[in-house]
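Below is one structure, written out as structure tokens; the observations come after it.
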Amino acid sequence: MSAKIVTITSGKGGVGKTTAIASLGIALASRGQKVVCVDGDIGLRNLDVIMGLENRIVYDIVDIVEGRCRLRQAMIRDKRLPGLFLIPAAQTRDKMAVSPSDMMRLGDDLREEVDWVLIDSPAGIERGFKNAIAPADRVLVLTNPEISAVRDADRVIGILEAEEKGSPSLILNRVNHEMVKKQEMLSPEDVLDLLAIDLIGIVPEDKSVLIAANQGAPIALDKESRAGQAFRNIAARMMGDDVPYMDLEEQGGLWKRISKLTGRN
């Protein structure tokens with residue numbers, strides 16, 4: 001077993017990275033994969049809450065790095081899916097408690113334990129970001145179709161290329177096609193033109209995402225949710241499946257154009 005290590009980052013906070021990590025973990029584990037989600041936001045952990053595992057934390061990532069526990073002791077198993085685990089962030093320490101080399105060692109150890117390691121990068125481009133991308137085989141940049149978020153995403157893409165992490169893939173989150181049609185929101189085509197990276201998924205605006213997060217039940221568990229289906233589709237693409245993009249408007253025009261842009265029919 002040799003895990004693929006994927007970091008999700010954005011530059012801007014509040015765009016939905018933690019929700020994405022939790023849902024992609026659920027989606028991959030639902031496909032029979034063994035997955036560990038790692039909260040890289042030391043001092044401000046939230047992934048445990050989104051996954052509904054906050055009451056089961058005994059050890060955290062800093063405990064592993066500083067040798068107070070073994071790796072498996074800090075891996076909290078999700079009872080809903082036996083192949084899904086969480087390594088939480090430390091809440092009472094800061095980002096300097098972990099270094100990029102620590103994360104590289106942790107990544108190497110986890111490669112022998114699971115199929116996928118999903119790392120939730122903190123907002124910004126400082127130490128926590130550098131920690132999160134250090135062990136990554138692949139980086140997914142998540143943004144909302146808002147000018148400020150796209151601008152920050154573009155800056156992150158430049159840093160990733162400078163760090164020789166290869167070209168990241170894009171998750172476009174919280175797309176409201178009614179606002180796009182009214183030109184009140186950047187279209188997916190606009191964002192793809194601005195960022196010039198490959199698209200791996202578009203997640204529609206869905207009020208059930210917030211409800212699911214508050215209940216500690218990632219949206220990928222909801223079979224009726226369009227956002228949940230979008231995350232399940234992204235997980236399938238991560239595993240190499242050729243999955244068409246959902247048609248999220250009646251006429252299908254926007255999503256047909258996106259499919260054409262990305263080479264998917």
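Being a predicted model, the structure only gives us computed values, none of them experimental. Note: hydrogens, waters and symmetry copies are ignored here, and every other heavy atom, side chains too, is used.
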Flag side-chain contact, heavy atom, 4.5 Å: [X] against [Y]:
X: Q33; Y: M239; result: yes
X: F231; Y: V203; result: yes
X: D41; Y: D120; result: no
X: V6; Y: L140; result: yes
X: V156; Y: S10; result: no
X: H177; Y: K181; result: yes
X: L24; Y: I234; result: yes
X: V209; Y: R174; result: no

Looking only at heavy atoms, what is the nearest atom pair of [X] and [Y], with distance?
X: N173; Y: P145; answer: O-CD, 3.1 Å
X: M185; Y: N176; answer: SD-N, 3.4 Å
X: I202; Y: Y245; answer: N-CE2, 4.2 Å
X: A90; Y: I61; answer: N-CG2, 4.1 Å
X: L47; Y: D39; answer: N-OD2, 3.2 Å
X: A230; Y: M246; answer: CB-CE, 3.7 Å

* Stepwise, does the side chain to side chain contact (heavy atoms under 4.5 Å, CB included) test hold for V35 with L81? -> CA-CA 10 Å; V35 186; L81 290 163; over 6 Å; no
* Is there a side chain to side chain contact (heavy atoms under 4.5 Å, CB included) between L106 and L71 once you walk through the steps? -> CA-CA 8 Å; L106 177 63; L71 177 61; 3.6 Å; yes
Tell me if a side-chain donor or acceptor on [X] pairs with a main-chain N or O of [Y] at a distance below 3.5 Å.
X: T9; Y: S121; answer: no
X: R111; Y: A3; answer: yes
X: D137; Y: I5; answer: yes
X: R232; Y: A27; answer: no
X: D78; Y: L84; answer: no
X: K34; Y: E113; answer: yes
X: N131; Y: M103; answer: no
X: R237; Y: P244; answer: yes
X: D63; Y: D60; answer: yes

* Go through the steps for D102 and R105 under the test salt bridge (charged side-chain N to carboxylate O under 4.0 Å, His left out), then give the verdict. => CA-CA 5 Å; D102 290 330; R105 285 191 293 273; 2.4 Å; yes
Is there a path of hydrophobic side-chain contacts, each under 4.5 Å between heavy atoms of I, L, V, M, F, W or Y residues, that connects [X] with [Y]?
X: Y59; Y: V65; answer: no
X: M51; Y: L142; answer: yes
X: L221; Y: V49; answer: no
X: L199; Y: I197; answer: yes
X: V62; Y: L44; answer: no

When you look at [atom1] of [X], are more than 12 heavy atoms from neighbouring residues, nucleotides or ligands closer to it than 6.0 Å?
X: E184; atom1: CD; answer: yes
X: Q183; atom1: CD; answer: no
X: K165; atom1: NZ; answer: yes
X: R56; atom1: CZ; answer: yes

How long is the span from the [atom1] atom in [X] to the [atom2] atom in [Y], to the nearest 0.5 Å?
X: T7; Y: I133; atom1: OG1; atom2: CD1; answer: 7.5 Å
X: N46; Y: Q91; atom1: CG; atom2: CD; answer: 8.5 Å
X: C37; Y: D48; atom1: SG; atom2: CG; answer: 11.5 Å
X: I200; Y: R138; atom1: CD1; atom2: CZ; answer: 4.0 Å
X: I219; Y: T19; atom1: CD1; atom2: OG1; answer: 9.0 Å
X: D154; Y: T143; atom1: CG; atom2: OG1; answer: 10.0 Å

* **cation_pi(R72, F85) dist<6.0 Å, angle<=45** => no
* For side chain to side chain contact (heavy atoms under 4.5 Å, CB included), just list the numbers for M75 and L110, CA-CA rounded to whole Å, side-chain angles, deciding distance to a tenth of an Å, and then say yes or no. => CA-CA 10 Å; M75 291 171 59; L110 285 171; 4.1 Å; yes
* **Pair R68 + E66, salt bridge at N-O below 4.0 Å** => yes
* D241/R31 salt bridge by N-O under 4.0 Å criterion -> yes
* Start with the C-alpha distance between V15 and D152, add both sets of side-chain angles, then the distance that settles side chain to side chain contact (heavy atoms under 4.5 Å, CB included), and finish with yes or no. => CA-CA 11 Å; V15 295; D152 286 352; over 6 Å; no
* Asked: Would you say the side-chain atoms of S225 and D206 include a donor-acceptor pair closer than 3.5 Å?
  -> yes
